[in-house]
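Just so we're on the same page: letters track the sequence lines, and every chain starts at 1. What you see below is based on every heavy atom in this structure, not just the backbone, and it leaves out hydrogens, waters and symmetry mates.
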Amino acid sequence: MEDSAIVELYWKRSETAIRETETAYGRYCTAMARNILESEQDAEECVSDAYLKLWNNIPPDRPRNLGLYLSKIVRNLALNRRKAERAAKRGGGQYPTALEELSEALASVERVEDIWAAGYLREQINRFLGTLPKDKRILFLMRYWYMDSIEAIAKAGGITQSKVKMTLLRLRRDLKAFLKKGGIEV
Amino acid sequence: MTERLITALDGVNDAYLAECQAAREQGNFAFGTRKPASHFWEPFGYVAAIAVFLCFIVMLPGLLPRQPSGYETTETQSDTQPETPPVTESDTTTEPPETTDLPSRLSDLLALIEADYLAYHVEQNGFDPTKNPPLTVSGFYGVFNGAVAVMMGGFAHADVCLDGVVADSVIHYGDSNTIQVWKAGVFYELDEAYEGGLLTKNDVELIALWHNHNTFLTKEDIRRATALLISPDAATRREIEEAFARQNHPVTWPSADTNWYGTRCYGQFGSVTVLFEAGMLTWIETKTIAGVEFTYSSSFGLWGYYNGSLYTLQEAYDNGYITKEQVAEAAANHSLLQRLIYRIPRGMDLP
């Protein structure tokens, strides 16, 4: 079923909306949540929470790309859950690894927090992504937005894991240089 | 903080996420400039491809050039023996790799690396070459299968030392500058180059050894080595040739354009010209003269040409024609040329 048709079901408050969402994006969202959370059960709960949020948001929202809209919800819920889990020293998955990798890009906690609060960091990241060729942008987002594993990215890109790691390393360094140029302390 | 960065990615432009989402849904995306998936042998099937490969392997020994004379022995080799000795990892330290797609002159290669480095920093960091010192190669570690290990000057922070372990080798840095590996216009950190397969573990070990012992080459080293290879002057060369001829010993002088394996001159000290020539016996030989060691990867001879006659360097020292300090200087030049020759592909000209 097309995204627009599923969204229409939400607007009509039809209970089949969630079933159709599950059919269209269930596995996709669960895989994404699993990348961030270690537990299969947590991932499924996270996706269920996302469906509930979707139900509450539509209407009034009318997303044109339901998959993207849903994946943002899943990601946010998973990250929040991950933060809570981390306090209890649970979990692993791709999130801590990706986090560790990105830590090379920025160093100063306080300054970055201030800048982030102003939305400046988001703007700079988008500008940085805009400077990248499409393939590298996809690779970066697969790793740091979708939290895909190195192995999965290598498979999707038809390249070696070493190549993925090297490209990510260079992208992190370029991001660091870009942020520095934009006045963000590194 | 990094968590903030991950969270900040929430604000990524939807268009970028949509293209990424599409790539993930398709399960593949075209990365880089990969060749098409099809191969020339596909119309013939993989069996034919394997047959072609096996034919190539069988024909390979006949296609390869023979190794230089340093590997040959006077014994007759049977048909079952390989023409060349098996190459171990350590052997690669004595046999420079063949030139790949690099400039034919070392000076051109270094100039190209400097130009690429400058272009990168102009583009990435807004580096202004008119307001800053030039970005030059400050250390040259060698060419490894087309990848060139260098230290670039210009951005060092003295208060930051980035010691690291790459391929089990510890690299000690005195400041924030690190060894860069250039290949085809792209710079890589040493660990990147190793992980990406540009360098072998043995290459990294050599680089670490040279770096940690300050035996990498500077531009001045390269200039001095080049000067040695084209010395002595023509008149002195003729005199030396005549002296060798009286011993039925032909002389082939090295030059800065590919032939570095002749009779080398290690300098003229007063009236004595110190000469070196590699021998044929393949063992590592060390000679100690005036307490100074000369080591080479095969047998070798050392001479002092003095007043129309040839002496062994030991005799020249014993006769008082050359001092201990001058012998030490000759040994330093021997070391310099060895370092240079190990690090440059065969076929590349010196400046």
Peer 1: Determine the minimum heavy-atom distance between B/E19 and A/I138, stating which atoms define it.
Peer 2: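 In terms of heavy atoms, the two residues are closest at O-CD1, 4.0 Å.
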Peer 1: Quick one: pull up CG in A/L141 and CD in B/Q21 and give me the separation to the nearest 0.5 Å.
Peer 2: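 The CG atom of A/L141 sits 11.5 Å away from the CD atom of B/Q21.
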Peer 1: With rounding to the nearest 0.5 angstrom, report the CG to CG distance, B/D14 to A/L68.
Peer 2: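 Separation between the atoms: 5.0 Å.
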Peer 1: Tell me, for A/Y25 versus chain B, whether the close heavy atoms (under 4.5 Å) come from the side chain, the backbone, both or neither.
Peer 2: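 Side chain only.
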Peer 1: Give a yes or no on whether a salt bridge exists between B/E192 and A/R170, defined as a side-chain N under 4.0 angstrom from a carboxylate O.
Peer 2: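 A/R170 and B/E192: salt-bridged.
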Peer 1: Take atom NZ in B/K219; do more than 12 heavy atoms of anything else shown fall under 6.0 Å from it?
Peer 2: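 Counting other residues, nucleotides and ligands, NZ of B/K219 exceeds 12 neighbours.
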Peer 1: Below 4.5 Å from any heavy atom of chain A, which atoms of B/F187 appear? Answer side chain, backbone, both or neither.
Peer 2: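 Interface part for B/F187: backbone (N, CA, C, O).
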Peer 1: In Å and rounded to the nearest 0.5 Å, what is the OH to CG distance from B/Y16 to A/N126?
Peer 2: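 Here the interatomic distance stands at 6.5 Å.
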Peer 1: Name the member of A/R137, A/K134, A/K165, A/M142 that forms the most heavy-atom pairs with chain B at distances under 4.5 Å.
Peer 2: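 The answer is A/R137.
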Peer 1: Kindly compute the distance separating SG (B/C20) from CH2 (A/W145), expressed to the nearest 0.5 Å.
Peer 2: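 Between B/C20 SG and A/W145 CH2, I get 8.5 Å after rounding to 0.5 Å.
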Peer 1: Assess whether side-chain contact (heavy atoms from CB on, under 4.5 Å) is satisfied between A/L169 and B/E195, documenting all intermediate values.
Peer 2: CA-CA 11 Å; A/L169 182 67; B/E195 286 168 16; 5.6 Å; no
